[in-house]
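Step one of this worksheet: look at the structure below.
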Amino acid sequence: MLQAFPDIKGRFGDFGGKYVPETLMGPLQELEEALDEAMADPEFQNEYHHVLKEYAGRPTSLTYADKISEHLGGAKIYLKREDLNHTGAHKLNNAIGQALLAKRMGKEKIIAETGAGQHGVASATVAAKFGLECIVFMGEEDIRRQELNVFRMKLLGAEVVSVSSGNGTLKDATNEAIRYWVANCEDHFYLIGSVVGPHPYPRMVRDFQRIIGDESRRQFLEVEENLPDRIYACVGGGSNAMGMFYPFLQDDSALVGVEAAGKGIDTPEHAATLSKGTPGVIHGSLTYLMQDDNGQITEPYSISAGLDYPGIGPEHAHLFQTKQVRYEAVTDQEALDALKLLTQTEGIIPAIESAHALAQAFKEAGSMEADETILINLSGRGDKDMATLMEHFQEEV
Amino acid sequence: MLTKTSFQGKLNKTENLFIPFVVAGDPSPEYTIEFALRLQEQGADVLELGVPYSDPLADGPTIQRAAKRALNAGMSLRKAIQLVPELRKHGVEIPVVIFTYYNPVLQIGHQDFFNLLEENGVEGVLIPDLPFEESEEVRNMAVKKDVEFISLVAPNSDTRIQQIAEHARGFLYCVSSLGVTGGSSGMSAEALTFIKKVKEHSQVPVAVGFGISTNEDVKLVREHADGVIIGSKIIRLIEAELDVIEKGQKEEALESFTKGIQELVRD
């Protein structure tokens, strides 16, 4: 039996913990107690799974990608279709779980941070569904880049707060969301969007996302009567990957997390936190991050806003250190190529984030045997990326 | 009773303390020295020397702006610590507390960090994102190196108030309201009850900070606590002089800054 992480101090091996101002220690304690109690309550579990089924449309499909498998000439490739989840990405699974918890705790207002806007949209969606007030913090640069998602959030009734501190991206939006929470923790619930932040957030988000891996495992056994040889997922903060990997941690399947190499990991413009970062503290958690020699956090870069984050969930840092998961990095161009290939062979337009996982799997599939299997977490659909894709592919299509 | 630390040796009283906060290198190291001297002249008992950080979670917009100016001027944790002997050379005698977020400390490494503090004669350290549960190793090292590890306690620390207060060294930083630095002022009945509770358990002076921005606030805090910590308001006084500083009119800037401090802390 493997040791269960996180431990009582919120540690995944050397990583995790609660590196937060004193004013947040109380609210985190309150959250942890409410979470433990809710997770142990069959009624809460039933409600969560009921909403996933009736509202989000779960379980999402497991699709055998026969055309692309044939095209690459190696392993059989399966896709876990989180793009078919309501709002178009895996983000909603976690938002539903946390919104139900917020209600249970009697908090009527939720706070969320967002980069590309996917988690902001998921939060605004559950706020509308469960009758909660919702404030979304978003960097001013991201607001400019993601006009459509900003409008979606507003249409859903959320207030979108523009963050101009720092460089006006996800890192700064998260800082601002935490600051707002510090001042308003009595009646606000902070609905964090990834497996990051202080304990118990990384554990909570993982446990609300493990539905991806649990379903995949069951579905895979049904069709293949065996588990996949390799499983791929993209990693920014790392929630879709953690949700997919967690139920497979004790199996023989090789797990591969794919980071964003941006313009190349040997350039300054990437978001490959594990490949190029070093241990440190970001947003209340000890993990790997991108920083300079003085310990100032630096700005990452990726074509995909969802992977454009200078940190990574502490459990990933632990899985990296203990080599339970292999982490690779894929460039913007490789991701775009994989996106186009999937779109034109299978008729599925993936999110650029998910295309990073596809790219790494496609690189490896050809050299695998025909009786081997690959499972890729297709974490979201590409509709939100149309403006970016038009810039890149306009002349080719 | 513990043996007297360097910090306690330099602190000549334990009540009615005035503890100002400035960001090292805002807008330049030279000005930090000048501001520190003026603050000492106006009765400062301890200087909190803030280290600018890219992601200051506990700070509001005022200190964020100061951090940005200081980072642009090339300030770092190492340079801020090395600024302390310069302060001494120019006549700053009060104990200095380095106020830094944890990540820069981690990058230097605990051992080297405390060696640096010792070599440069720093009397205290405050790390706002290193709560009691995460700070054991650092607290033990601080004791060995004769550096006071300053703790914070908040109104919602609840059952932890006693534990934090009993372990407090140097002075205890009492966060008067929830929120980030530079927030709203004024004091509620709950805040006063909270301060009273902290004082019951603390063996060191209890100083109150967060949102102290007027002479009325200062007077109110003096009535109920052993000291007053002022950060954002002092930064705003510095900000008000930036244009004058830009023009090179140093004496004018410092005179105007001093007047602002006098008005803020007068009896």
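Numbered from 1 within each chain, the chains take letters A, B, ... in sequence-line order.
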Next item on the list: Working to the nearest 0.5 Å, report the span between NZ of B:Lys68 and OG of A:Ser165.
Entry: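 Taking NZ in B:Lys68 and OG in A:Ser165, the distance rounds to 7.5 Å.
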Item checked: Spatial distance of atom CG (B:Leu57) from atom CZ (A:Arg179) [nearest 0.5 Å] ->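 Between B:Leu57 CG and A:Arg179 CZ, I get 6.0 Å after rounding to 0.5 Å.
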Check: Excluding sequence neighbours, so at least two apart, what forms salt bridge (charged side-chain N to carboxylate O under 4.0 Å, His left out) with A:Glu108?
Finding: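 Partners of A:Glu108 under the salt bridge (charged side-chain N to carboxylate O under 4.0 Å, His left out) test: none.
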Quick one, [X] and [Y] - any side-chain contact, counting heavy atoms below 4.5 Å?
{"X": "A:Lys171", "Y": "B:Asp55", "value": "yes"}
{"X": "A:Cys185", "Y": "B:Asn156", "value": "yes"}
{"X": "B:Leu106", "Y": "A:Leu286", "value": "yes"}
{"X": "A:Pro279", "Y": "B:Gln107", "value": "no"}

Check: Do any of residues 113-120 of chain B have a heavy atom less than 4.5 Å from a heavy atom of chain A, and if so, which, in residue order?
Finding: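 If one takes a 4.5 Å heavy-atom cut-off, no residue of residues 113-120 of chain B lies near chain A.
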Notebook entry, point to check: Could you name the residues of residues 125-143 of chain B that have a heavy atom within less than 4.5 Å of a heavy atom in chain A?
Noted result: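 If one takes a 4.5 Å heavy-atom cut-off, the residues of residues 125-143 of chain B near chain A are B:Pro128, B:Asp129, B:Leu130, B:Pro131, B:Glu133, B:Glu134.
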So for [X], is it side chain, backbone, both, or neither that comes closer than 4.5 Å to the heavy atoms of chain B?
{"X": "A:Gln29", "result": "neither"}
{"X": "A:Ile282", "result": "neither"}
{"X": "A:Ile297", "result": "both"}
{"X": "A:Glu30", "result": "neither"}

Item checked: Within residues 188-203 of chain A, residues adjacent to chain B where the heavy-atom gap is under 4.5 Å -> none
Chain A contact via [X] - which portion, at a heavy-atom distance below 4.5 Å:
{"X": "B:Arg65", "value": "neither"}
{"X": "B:Val153", "value": "backbone"}
{"X": "B:Tyr102", "value": "side chain"}
{"X": "B:Pro52", "value": "backbone"}

Margin query: I'd like to verify something: which residue of A:Gln291, A:His283, A:Glu176 has the highest number of heavy-atom pairs under 4.5 Å with chain B?
Written below: A:Gln291
Check: What closest approach, in Å, do A:Gln296 and B:Leu71 show between heavy atoms, and which atom pair accounts for it?
Finding: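 Of all heavy-atom pairs spanning A:Gln296 and B:Leu71, the closest is NE2-CD2, 3.4 Å.
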Notebook entry, point to check: How far apart are the closest heavy atoms of A:Glu22 and B:Ile164, and which atoms are they?
Noted result: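 Where A:Glu22 meets B:Ile164 most closely, the heavy atoms are OE2-CD1, 3.4 Å.
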Notebook entry, point to check: Per the side-chain contact (heavy atoms from CB on, under 4.5 Å) rule, which among A:Asn294, A:Asp293, A:Asp292 passes with B:Ser76?
Noted result: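 So, applying the side-chain contact (heavy atoms from CB on, under 4.5 Å) to B:Ser76 and each of A:Asn294, A:Asp293, A:Asp292, only A:Asn294 qualifies.
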